2 protein chains.
Amino acid sequence: MVRIRRAKAKSQEKESEVNTIKSQQILQGAIQVFLAHGYAGASMDKVAVAAGVSKATVYSHFQDKEGLFKALVQKMTQQRFKSVFGDQPLKGEPKIVLSKLLSAGLEKMTEDSEYLAFKRMVIGESGRFPELAQACVIYMIKPVFEAISQYLTSHPELNLPDPEATSRIIMGALVHYVMVQEMLHGSDILPMEKERLINGLIDLILK
Amino acid sequence: MVRIRRAKAKSQEKESEVNTIKSQQILQGAIQVFLAHGYAGASMDKVAVAAGVSKATVYSHFQDKEGLFKALVQKMTQQRFKSVFGDQPLKGEPKIVLSKLLSAGLEKMTEDSEYLAFKRMVIGESGRFPELAQACVIYMIKPVFEAISQYLTSHPELNLPDPEATSRIIMGALVHYVMVQEMLHGSDILPMEKERLINGLIDLILK
DNA sequence: GTCTATATGGCGATAGAC
DNA sequence: GTCTATCGCCATATAGAC
């Protein structure tokens with residue numbers, strides 16, 4: 001896993017070519033393979049086939065397997081945030097805004113199987129690739145946390161003693177629900193309608 | 001990954017020998033290796049070395065790599081539940097009981113690095129081993145959910161319209177907190193004291 | 001730049017000695 | 001039952017032709 005590099009290795013890619021069509025084509029193939037098999041289970045042969053190029057071409061665009069993996073994760077983390085949260089500024093009456101926001105978020109997370117596979121992989125590899133896990137926190141989790149916190153803080157009529165803690169609770173409830181129902185395949189074992197979770201949350205907040 | 005078995009393969013182990021000292025010794029070595037490297041990254045050679053036996057001995061106790069992995073996960077899921085939840089029947093004044101329960105649970109989860117590694121692995125492999133993920137739901141998540149639900153339900157003075165949803169919210173807040181701070185190494189990026197989360201939760205519930 | 005072909009090594013699994 | 005030795009395969013990574 002950890003490997004010696006020539007001194008002064010240039011971050012992880014060949015820099016000048018990161019955004020060529022071929023590079024994107026390879027990354028696209030790599031996404032399929034890594035999401036399906038995980039880091040260790042993904043082979044550079046499969047990536048090459050999925051991308052429609054030869055294995056040597058993969059190595060000419062990315063330094064090695066680890067570099068390809070890191071480029072892949074960084075790319076996905078950044079392109080994910082846009083879709084999870086619309087660019088809505090979060091304004092309006094709390095009960096309605098929260099209700100819409102939470103159900104939209106839940107729907108997005110449960111429907112999007114690529115998102116599920118991505119989260120699985122990042123969590124699974126978070127012990128061996130801590131920087132990638134942190135990138136996920138910075139680019140996906142933190143922005144959502146800050147948006148919700150800001151909204152809650154700007155509504156003092158909610159009487160929340162700690163809006164940031166509340167924001168964490170909201171995110172936790174949603175993400176954990178998706179984790180149990182979808183990622184861990186628990187929907188038959190511990191069934192619960194999405195609406196119950198959302199209403200339960202809103203009740204607690206507005207009560 | 002999926003492999004053909006002789007017809008009538010006996011579940012996954014050699015049954016009569018599951019609880020021999022050698023089997024436990026092998027499982028102990030396997031735990032170290034699988035938790036450190038994940039399923040695909042773990043090799044039977046490493047397991048044999050970690051267990052202090054030869055590779056052939058590993059194969060004489062477990063049918064193959066997949067069988068060993070499944071035995072390992074089942075063993076860990078079951079031995080975990082005891083420790084996460086003391087056998088306390090959850091009685092007493094809500095504010096105190098909840099406060100103690102939540103902080104004890106958080107402490108256990110954040111401190112126990114083996115628990116973190118185990119969750120990482122189960123989630124990471126949940127796409128390729130759905131039955132193992134479900135075992136985790138049945139033996140670890142469901143009992144906790146039911147204990148909390150039962151406690152909340154038995155305290156109608158809390159005025160909770162949906163104690164089961166509330167139970168989910170509590171678990172979600174705690175588990176997600178641990179996931180962000182510890183598993184994803186986010187404690188420097190999104191810092192928050194445990195007490196703030198717990199107090200935030202209790203405020204919402206008792207409010 | 002991209003290919004085919006290959007080197008080098010580790011992997012899962014088993015045979016056969018004891 | 002447990003070991004050592006080995007088989008056959010697939011992995012990462014690169015050399016060299018075009």
Side-chain angles (χ1 to χ4, degrees), chain A residues 1-6 9-10 12-30 32-34 36-72 125 128-129, chain B residues 1-6 9-10 12-30 32-34 36-72 125 128-129:
Chain A
M1 188 81 73
V2 178
R3 216 174 301 276
I4 297 159
R5 300 273 164 75
R6 316 160 215 155
K10 301 180 184 174
Q12 31 225 14
E13 305 133 48
K14 311 236 161 156
E15 305 230 356
S16 54
E17 306 184 6
V18 179
N19 281 324
T20 59
I21 297 169
K22 265 273 158 57
S23 294
Q24 294 303 313
Q25 182 183 338
I26 293 170
L27 277 176
Q28 207 53 44
Q32 296 177 235
V33 176
F34 278 89
H37 300 96
Y39 177 78
S43 76
M44 297 298 263
D45 290 84
K46 287 181 196 140
V47 170
V49 171
V53 299
S54 77
K55 193 163 57 164
T57 301
V58 176
Y59 277 97
S60 87
H61 285 259
F62 299 91
Q63 189 182 333
D64 56 12
K65 186 180 178 181
E66 206 171 304
L68 174 60
F69 181 62
K70 290 181 180 176
L72 183 169
E125 304 298 339
R128 289 171 290 272
F129 295 95
Chain B
M1 187 80 72
V2 178
R3 219 174 298 275
I4 297 159
R5 300 271 164 76
R6 319 160 213 153
K10 300 179 185 173
Q12 29 225 15
E13 306 133 47
K14 312 234 160 157
E15 307 230 355
S16 53
E17 306 185 6
V18 178
N19 283 324
T20 59
I21 296 168
K22 265 274 157 58
S23 294
Q24 293 303 313
Q25 181 184 337
I26 293 169
L27 277 176
Q28 207 53 44
Q32 296 178 235
V33 176
F34 278 88
H37 301 95
Y39 178 77
S43 77
M44 298 298 264
D45 290 83
K46 287 181 197 141
V47 170
V49 171
V53 298
S54 77
K55 193 162 57 162
T57 301
V58 176
Y59 277 97
S60 86
H61 285 259
F62 299 91
Q63 190 181 335
D64 55 13
K65 185 180 177 180
E66 207 171 305
L68 173 61
F69 181 61
K70 290 181 180 175
L72 183 168
E125 304 297 340
R128 291 172 288 272
F129 295 94

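All of these numbers come straight from a predicted model, not from anything done at the bench. Letters A, B, ... are given to chains in the order of the sequence lines, protein chains preceding strands, and every chain is numbered from 1.
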Do Thr57(B) and Ser54(B) pair up side chain to side chain, a donor and an acceptor below 3.5 Å, judged on atom types alone?
yes

The nucleotide from dT2(C), dT12(D), dA13(C) with an atom nearest the side chain of Tyr59(A) is dT12(D)

Is the phosphate of dA13(C) approached by Lys65(B) (side-chain N or O, under 4.0 Å from OP1 or OP2)?
no

When rounded to whole Å, the CZ to P distance for the pair Phe62(A) and dT2(C) reads 12 Å

Take atom CD1 of Ile21(A) and atom C1' of dG1(C), then tell me their distance rounded to the nearest Å.
14 Å

Expressed in angstrom and rounded to an integer, what is the separation of Leu68(B) atom CG from dC11(C) atom C1'?
15 Å

Protein-nucleotides 16-18 of chain C N/O pairs under 3.5 Å:
none

For Thr57(B) and dC3(D), is the shortest distance between a side-chain N/O and OP1 or OP2 below 4.0 Å?
yes

Does Val49(B) reach the side chain of Lys46(B), with side-chain heavy atoms less than 4.5 Å apart?
no

Just to be sure I understand the geometry, which residues of residues 42-54 of chain A put a non-hydrogen atom under 4.0 Å away from DNA chain D?
Ala42(A), Ser43(A), Met44(A), Asp45(A)

Tell me whether the side-chain N or O atoms of Lys55(B) pair up with the base of dG12(C) as donor and acceptor below 3.5 Å, since no angle test is needed here.
yes

Would you check, one step at a time, whether the test side-chain contact (heavy atoms from CB on, under 4.5 Å) holds for Phe34(A) with Lys65(A)?
CA-CA 11 Å; Phe34(A) 278 89; Lys65(A) 186 180 178 181; 4.3 Å; yes

Return the orientation label for the Tyr39(B) and Phe129(B) ring planes: parallel under 30°, perpendicular over 60°, tilted otherwise.
perpendicular

Does a side-chain heavy-atom distance below 4.5 Å link Leu27(A) with Leu68(A)?
yes

Side-chain N or O of His61(A) less than 4.0 angstrom from OP1 or OP2 on dT2(C)?
yes

Contact check, side chains of Val47(A) and Gln32(A), non-hydrogen atoms, under 4.5 Å
no

Can you list the residues that meet the salt bridge (charged side-chain N to carboxylate O under 4.0 Å, His left out) rule with Lys55(A), with sequence neighbours excluded?
Asp45(A)

Spacing between His37(A) atom NE2 and dC10(D) atom P, to the nearest angstrom:
14 Å

